[in-house]
Structure formats: C-alpha cells, structure tokens
Visitor: 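Would you mind keeping the following structure in view while I ask a few things?
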Protein chains: 4
Amino acid sequence: MARPRSEDKRQAILQAATRLFAEEGLNAPTARIAKAAGVAEGTLFTYFASKDELMNRLYLELKGGLRAEMAPAPPVQAGLREQLRHAWHIYVRWGAAHPDLRQVLAQLGLSDRVSEATRAEGMQAFCDVALLLQTAMAQGGLRRQPPAFAAALMGAMAEATMDFLAREPAQADSTSEAGFTAFWNALTQG
Amino acid sequence: MARPRSEDKRQAILQAATRLFAEEGLNAPTARIAKAAGVAEGTLFTYFASKDELMNRLYLELKGGLRAEMAPAPPVQAGLREQLRHAWHIYVRWGAAHPDLRQVLAQLGLSDRVSEATRAEGMQAFCDVALLLQTAMAQGGLRRQPPAFAAALMGAMAEATMDFLAREPAQADSTSEAGFTAFWNALTQG
Amino acid sequence: MARPRSEDKRQAILQAATRLFAEEGLNAPTARIAKAAGVAEGTLFTYFASKDELMNRLYLELKGGLRAEMAPAPPVQAGLREQLRHAWHIYVRWGAAHPDLRQVLAQLGLSDRVSEATRAEGMQAFCDVALLLQTAMAQGGLRRQPPAFAAALMGAMAEATMDFLAREPAQADSTSEAGFTAFWNALTQG
Amino acid sequence: MARPRSEDKRQAILQAATRLFAEEGLNAPTARIAKAAGVAEGTLFTYFASKDELMNRLYLELKGGLRAEMAPAPPVQAGLREQLRHAWHIYVRWGAAHPDLRQVLAQLGLSDRVSEATRAEGMQAFCDVALLLQTAMAQGGLRRQPPAFAAALMGAMAEATMDFLAREPAQADSTSEAGFTAFWNALTQG
DNA sequence: TATGAATGAGTATTCATTCAT
DNA sequence: GATGAATGAATACTCATTCAT
C-alpha cells in the first residue's frame with residue numbers, strides 16, 4: 001500500500017517554513033524550505049498544494065499552538081479579571097518564549113496570501129476569550145463598541161507589551177503585569 | 001550623483017510608489033512605479049539609489065506628512081488630557097482619511113528593508129507627543145515602564161481603533177473618542 | 001515483467017489516455033491518465049514501460065480500431081471504384097463519429113515519440129486498400145508516382161473532408177461523396 | 001534615448017525559435033532559444049511578451065515569408081489553370097527548399113497556442129489564391145461545397161506532395177507536376 | 001540627465017519515473 | 001501485482017539594476 005504520507009515530514013516542513021519565514025521573511029523560497037526540512041523540492045508539494053496553502057496551514061498551526069497553551073484555563077470562580085489576566089499572561093509569555101513563532105504569525109496575519117476563511121477559522125479557537133472580553137467591556141467606556149474592538153485592543157496591547165519584554169527580559173513579569181493593568185483599565189474604566 | 005534636478009519627479013515617484021505599494025504590496029516592481037510616475041525605468045535610480053532607499057525615503061515622507069498634520073497644536077494651557085486627545089484624534093482621522101498611506105506606512109514599518117536608523121529618525125518628529133505621554137503616565141500603573149512603552153501602546157491602540165473606523169465610518173467620531181478614552185485610562189489609571 | 005494481469009486495466013489506461021490526450025493534448029500527465037483509468041500512478045508503468053510506449057501502443061490500438069471497421073469489405077465483383085468508395089466512406093464516417101479518436105491519432109502521427117517502426121506497423125493493416133489504390137492509379141496522371149503517393153493523397157483528402165463534415169454535420173453524406181469524387185478524379189484522371 | 005529595440009535581435013530570436021522548434025518541437029525551452037539567438041534569457045521577453053506570443057508571431061512571419069514568394073504572380077491572361085499551377089509550384093518548391101520552416105509552420109498550425117485570430121490573419125494573405133480556387137471549383141464536382149473546402153484540399157494535397165518530394169528530390173519537378181494535375185482534376189472534374 | 005533595452009539570477013510548480021511498503 | 005510518496009531536473013517568466021545612447 002505504498003508509503004503513507006508521513007506526519008513527521010509534514011511537521012518538518014512546517015517547522016522549516018517557520019524558521020525560514022522568521023529568518024528571511026515570507027519570501028523564503030520553497031526550495032530552501034524543502035531542503036531545510038530534509039525533503040526534496042517536489043515533496044513539499046505533495047504535502048501542501050502550493051506555497052499559499054503552506055502559509056495558510058502554518059497560520060492555523062501557529063494559532064493552534066498558542067491556543068493549546070491556554071487550554072488549562074483557571075477555575076471559573078476565579079473572577080473575570082483573573083481569567084483575563086490568565087489569558088493575557090499566557091499570550092505574552094508565549095510571545096516572549098517564541099519570538100520566531102510570534103513574528104511569523106504576525107507576518108502571516110498581514111499577508112494577503114492568508115485567506116479570510118483561514119483567519120476566521122483561526123479566530124474561532126479563541127471564542128472563549130472573546131466571551132470574557134465581551135462581559136468585561138460591558139460596563140466600561142467601550143460598552144457601545146463591538147466586541148471585536150476589545151479583542152483588537154487586547155491583541156494590539158499585548159503585542160506592544162511583548163515588544164518591550166523582548167528588549168528587557170529581566171523584568172518580564174512586571175512588564176507583562178503592567179501591560180495587563182493598562183489593558184484592564186482600558187477595557188473597564190468609564 | 002549631485003542633487004537630482006527635478007523635485008517634481010522625485011515627488012511623482014514617491015506618490016507612485018505609495019499608490020503601487022498600497023495596491024500591490026511592497027513587491028510592486030520599480031519598473032511599474034517608474035511608469036506610474038511618468039518617468040523612465042532608469043530614471044527612478046537617479047533619484048533613489050536603490051529600491052531600499054526609495055522605501056526608506058518614503059517611510060520618512062509619510063511620517064513627515066502625518067507629523068505636519070499635527071503641527072497646529074492646541075494651546076498649551078489646554079491641559080494634558082486635551083493635548084493628547086488632540087494628537088490622538090488627528091492621528092486617527094489621518095488614518096481614516098488616508099487608508100492607503102496608513103497601509104503603506106504600516107507595511108514599511110514591518111519590512112526589514114526599512115533600517116533602524118530610518119525608524120529612529122521617523123520617531124524623532126513625534127518627540128513632543130512623547131513628552132506628553134511621559135508626563136501622563138507618570139502617575140498611573142505604567143509609571144515604572146519606559147516612556148516608549150506608552151508610545152507603543154498609543155500607536156497600537158490607535159491603529160486598532162482605525163481598523164474599526166474603517167468598517168463603520170458613520171460612527172467615526174464616537175469610535176475615535178471611545179478609543180481615546182480607553183487609551184487614556186490605560187495610561188493614567190493606577 | 002511478464003504479461004500484466006488484467007487486460008481490463010490495460011484497456012482502461014488506453015481509454016483514459018485517449019480521453020485525456022484529446023482533452024489536454026499529448027502533454028497530459030501520466031498521473032492524471034492513471035487516475036482517470038482508476039489505477040494508481042505507478043500501476044500505469046507495469047502495463048506500459050514508459051509514456052512513450054503507451055503512446056506507441058495507443059497509436060496501434062487506434063489504427064487497429066479503424067481497420068476493424070473496414071473489415072466487412074464489399075464483394076470483390078463490386079468494381080474498383082465501388083470498393084475504394086466503400087473504404088473512403090467508412091474512413092470518413094469513422095472520423096465523423098469519433099472526433100476524439102481522430103484527433104488523438106493525428107496528434108500521435110505527428111509526434112516524434114511515435115517511432116518509425118510503429119508507423120510502419122500501423123500502415124500494414126491497410127495493405128489491401130493500398131492495393132486497390134495502386135490499381136486505380138495505374139491509368140491516371142499519377143501512374144508514374146509511387147503507390148504510397150496515392151495513399152498519402154487519400155489520407156490527406158479524407159482528413160480535409162472530415163474537417164468539413166465536422167462543421168456541417170447535416171450534409172455529411174453529400175460532403176463525403178463530394179470528397180470521394182474529388183479524390184477519385186485526382187487518382188484516375190489523365 | 002536609450003538603445004532602440006533591435007530588429008536584428010528580434011529576427012535572431014525568431015530564427016533561433018524556428019531552428020529549435022524544428023529540432024526539438026514546440027517544447028523547446030525559451031532559455032535555449034534565447035541562447036541560440038545570442039541574447040540573455042530575459043531579453044527574449046522584451047521582444048515577445050510570452051512564449052505564446054513568440055509562437056503567434058513566428059506563425060505570421062512564416063506565412064508571410066511564403067506569401068512573399070508568391071508575390072510575382074503570372075500575367076492574369078495566363079488563364080485560371082496556369083495561375084493556380086504557378087501558386088502550387090511555388091508553394092511546393094518553398095516546402096521542398098525549407099523543410100524546417102514547413103515543419104514548424106505545420107506544428108504551429110496544429111498547436112492550440114496559436115490563436116484563431118492569428119490563423120485568420122495568416123489566411124488573409126492568401127485571399128487571391130482563394131479567389132482562383134473559388135472560380136475553378138465552380139464547374140466541377142465540388143461546386144456545392146464551400147470555397148474553403150477547395151483551399152483545404154489544396155493545402156492537404158500540396159503537403160502530401162511535399163512529403164514525397166522530400167524523399168526523392170531528383171524528380172522534384174515531375175512529382176510536383178503530378179501533384180498539381182491530381183489537384184486540378186480533383187477540383188474541376190465533374 | 002534621461003532613457004529603456006539588456007541582463008541573468010531567482011521562483012513556484014510540474015511530471016515521468018522509481019521504489020519502499 | 002498494486003500502490004502512491006518521493007524525487008529533482010526542467011520551465012516560463014520576473015525584476016532590480018546597469019549602461020549604451
């Protein structure tokens with residue numbers, strides 16, 4: 001029954017793509033990605049029909065990885081603030097721990113080669129966080145804005161925070177905390 | 001090469017670059033930029049030594065344009081909040097009015113073809129705003145963070161706000177105001 | 001490799017090749033041919049050692065199919081003209097009825113991937129017609145030309161006739177007849 | 001004013017294409033064509049926007065060359081048969097003298113990469129011959145067929161004749177004459 | 001200075017064929 | 001025998017930059 005398609009190789013290609021996209025940008029040639037993954041040029045295209053598909057899959061893979069980190073949510077009784085704080089710190093720590101993944105995810109997010117559908121699918125994984133945000137913003141100055149606004153602010157502020165973490169890793173925890181406080185205030189203050 | 005003759009042509013190239021970068025991304029070919037500017041392919045390179053230089057110059061040009069909009073600052077006696085509010089609204093309105101410029105500026109800001117030096121130079125123009133921010137954050141939860149953190153937050157939050165303005169232009173003013181309130185709270189609340 | 005197992009599969013591959021060559025030209029990939037035949041990519045190569053061999057076999061298969069149509073020859077006493085007329089109409093009708101086979105046969109006939117040997121073998125099947133031609137041309141203006149010349153003329157004129165049949169199928173019979181008359185005149189007139 | 005586009009290079013590319021198409025078929029790579037023409041790979045594309053355009057232009061160029069040979073038509077008073085005979089011999093001799101051009105023209109004529117428009121344009125050059133054919137067929141067995149039928153027959157029969165010329169060049173004149181007689185009989189006999 | 005033809009390295013993708021399963 | 005994953009050479013076309021005019 002012929003060799004089955006190897007999940008190992010698929011992962012190797014995705015990892016190689018991540019590394020090369022981080023190092024050289026999204027223009028990194030598929031030939032080099034394949035080589036870095038230890039497969040032949042043509043093999044890449046048995047796993048991903050085109051470079052675009054590779055990019056879309058990688059986007060989902062990275063989003064999924066981040067999502068997985070968030071899996072062990074805090075006890076529900078922890079209160080709204082605590083739950084959001086938990087999500088924030090995981091997000092920020094993930095970005096600090098994996099600057100390459102973060103960078104590639106950001107690049108992919110901006111590229112028009114990642115489809116609307118892929119973005120939507122990537123978003124879905126975070127609907128529980130979206131729900132928390134919606135509740136939290138209900139009383140503050142943002143109460144008249146669409147829920148997605150809060151999500152956008154959270155993303156933007158967390159990214160800005162990570163940029164600073166990167167520069168001074170020593171004070172990672174306090175910076176992340178400061179960022180969250182700012183975000184919480186933005187979200188909930190009148 | 002001495003200063004090129006015609007400032008008009010230089011501007012035409014920069015404008016054509018802006019349009020094409022907006023329409024096709026930073027990969028837009030220099031040949032098409034030149035054509036759109038009404039000059040010959042080779043002429044572009046008498047005004048800008050390379051595509052990279054064109055991109056760096058364009059970055060500064062766009063930042064400068066935004067800066068110019070902010071020029072007529074409000075009376076100093078207006079108070080800190082009012083002055084920042086003024087800057088915020090101008091920034092957000094500029095982005096809403098010129099989505100193409102905003103998009104190109106964002107793309108350039110992320111490209112590694114725009115040098116650190118260029119970025120720094122672009123930042124300088126906004127040192128007065130930076131000063132306001134520094135004062136405003138001195139009392140809030142961000143007081144221990146570097147001043148650039150506040151600037152980064154402002155940029156990130158304003159961009160997120162503009163994204164929403166773009167979707168529902170009817171409520172531009174209230175959305176912008178909500179964004180500013182969120183930002184001010186982030187900046188100044190304990 | 002001994003004789004491959006399944007004659008069914010061999011035929012399926014030949015038919016799939018015919019269809020795909022007709023639809024996409026001789027560049028149709030073997031992978032797609034295999035898929036259309038309902039076998040695996042590699043299986044194709046257990047039935048035909050290479051794409052070239054597939055093409056050569058298909059050429060003979062198609063020629064053979066045409067030959068088979070001509071099998072029930074008219075009674076010998078029918079006279080020379082009538083016998084040739086019979087062959088002509090069968091040929092032309094076959095082309096009209098199977099435009100895809102005709103097209104593929106023509107493409108293969110022009111391709112240098114079909115060997116001289118294959119062509120010769122394909123020709124042999126029509127030696128009885130060749131004999132008729134030889135007799136018919138013995139008295140006309142072509143009497144000094146090699147017999148193959150008459151065969152070439154017949155093929156060329158019949159093909160041209162079929163092209164016209166294709167455009168106006170309503171008058172198929174009269175067009176075919178006109179073509180034959182022209183051919184007969186070419187062959188036998190002084 | 002920069003170097004002007006060089007007609008020499010254009011011709012060199014067309015000739016190189018002719019040679020390589022004759023030697024290797026229409027799949028001959030553009031890179032090799034360029035090299036054979038003595039220009040850089042990319043240069044080919046400043047003269048022809050794509051391989052398809054190169055093929056279409058070459059088709060017209062070859063048709064035009066053949067047409068040019070026919071230019072010095074015989075005196076009109078020569079009579080119908082003589083005029084057609086003149087055209088026939090020029091055509092056949094051209095094919096015999098330039099087997100490569102003939103082969104390439106035939107390949108291009110069959111390729112679907114040569115557009116309908118190009119074919120039509122190529123046909124136009126021969127409208128005077130078409131007129132002769134129309135007159136000649138008016139009385140014979142083909143009188144009810146469309147004029148293009150006669151043209152198709154002429155083309156097909158001339159091509160078949162050239163194939164035989166190629167094999168026995170010694171009797172070129174008599175073979176060509178025999179071919180014409182056959183054609184004339186096909187066209188005009190009842 | 002302005003022009004645009006010339007260059008050739010660089011890129012995504014295809015495909016006949018092989019071979020491990 | 002049958003399968004289909006693996007291979008890597010091959011291909012049309014692009015583009016920043018140079019330089020002859």
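Worth saying up front: this structure is predicted, and the values here are computed from it rather than measured. Below, read A as the first sequence line, B as the second, and so on, with proteins coming before strands; counting in each chain starts at 1.
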Visitor: What is the distance, to the nearest angstrom, from the CE atom on A/Met55 to the P atom on E/dT13?
Guide: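 Those two atoms, CE and P, are 11 Å apart.
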Visitor: Tell me: CG of B/Leu44 to P of F/dC19, nearest whole Å?
Guide: 17 Å
Visitor: Tell me every residue that passes salt bridge (charged side-chain N to carboxylate O under 4.0 Å, His left out) with A/Arg10, counting only those two or more places apart in sequence or in another chain.
Guide: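 Partners of A/Arg10 by the salt bridge (charged side-chain N to carboxylate O under 4.0 Å, His left out) criterion, ordered by chain and then number, come out as A/Glu7, A/Glu61.
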Visitor: Who pairs with C/Glu121 by salt bridge (charged side-chain N to carboxylate O under 4.0 Å, His left out), at least two apart in sequence or on another chain?
Guide: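 Residues passing salt bridge (charged side-chain N to carboxylate O under 4.0 Å, His left out) with C/Glu121: none at all.
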Visitor: By nearest nucleotide on DNA chain F, pick out whichever of A/Thr43 and C/Gly38 is the more 5' one.
Guide: C/Gly38
Visitor: Could you tell me the separation between the CD1 atom of B/Ile13 and the P atom of F/dT17, rounded to a whole number of Å?
Guide: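 So the CD1-P distance, B/Ile13 to F/dT17, works out to 14 Å.
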Visitor: Any side-chain N or O of B/Lys9 less than 4.0 Å from the OP1 or OP2 oxygen of E/dT1?
Guide: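 No.
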Visitor: Could you name each residue pair satisfying salt bridge (Lys or Arg N to Asp or Glu O under 4.0 Å) that touches residues 39-52 of chain A, not counting sequence neighbours?
Guide: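 Salt bridge (Lys or Arg N to Asp or Glu O under 4.0 Å) check on residues 39-52 of chain A returns A/Asp52-A/Arg113.
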Visitor: For nucleotides 11-16 of chain F, read 5' to 3', which letter fits each nucleotide if B means a protein heavy atom sits under 4.0 Å from the base, S means only the sugar-phosphate is that close, and - means neither?
Guide: SSBBSB
Visitor: Kindly list each side-chain donor-acceptor pair under 3.5 angstrom involving residues 24-36 of chain A, sequence neighbours excluded, with atom names and distances?
Guide:
from: A/Glu24; atom 1: OE1; to: A/Arg32; atom 2: NH2; distance (Å): 2.7
from: A/Glu24; atom 1: OE2; to: A/Arg32; atom 2: NE; distance (Å): 3.3
from: A/Glu24; atom 1: OE2; to: A/Arg32; atom 2: NH2; distance (Å): 3.4

Visitor: Check whether any side-chain N or O of B/Asn56 sits under 3.5 Å from a backbone N or O of B/Ser115 as a donor-acceptor pair, and report yes or no.
Guide: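 The answer is yes, because a donor-acceptor pair under 3.5 Å joins these two groups.
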Visitor: Which listed nucleotide (F/dA2, F/dT7, E/dA6) is nearest to the side chain of A/Thr46?
Guide: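 Of all the options, the side chain of A/Thr46 is nearest to F/dT7.
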Visitor: After noting the C-alpha distance and the side-chain angles of B/Tyr59 and B/Val104, does the key distance pass the side-chain contact (heavy atoms from CB on, under 4.5 Å) rule?
Guide: CA-CA 8 Å; B/Tyr59 179 85; B/Val104 172; over 6 Å; no
Visitor: Hey, does the side chain of B/Thr118 reach the backbone of B/Val114 with a donor-acceptor pair shorter than 3.5 angstrom?
Guide: no
Visitor: Both distances under 3.5 Å, Watson-Crick or G-U wobble: on that basis, could you give the dot-bracket string for DNA chain E, with [ ] for crossing pairs and | for other-strand partners?
Guide: .||||||||||||||||||||
Visitor: Within this structure, what is the CG-to-C1' distance between A/Leu20 and E/dT11, rounded to whole angstrom?
Guide: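 These atoms are roughly 15 Å apart.
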Visitor: Please report the interatomic distance CG(D/Leu62) to CG(D/Leu14), rounded to the nearest 0.5 Å.
Guide: 8.5 Å
Visitor: Counting side-chain heavy atoms from C-beta on, which of E/dT3, E/dA6, F/dA6 comes nearest to B/Ala40?
Guide: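 It is E/dT3.
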Visitor: Please state how far atom CD in C/Glu53 lies from atom P in E/dT17, giving the value in whole angstrom units.
Guide: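 Atom-to-atom, C/Glu53 to E/dT17, this comes out as 11 Å.
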Visitor: Counting only side-chain N and O atoms of C/Tyr47, is one of them less than 4.0 Å from OP1 or OP2 of F/dA2?
Guide: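 Affirmative; the distance criterion is met.
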Visitor: Could you walk me through whether B/Gln107 and B/Gln103 pass the side-chain contact (heavy atoms from CB on, under 4.5 Å) test, one step at a time?
Guide: CA-CA 6 Å; B/Gln107 284 174 316; B/Gln103 183 190 342; 4.0 Å; yes
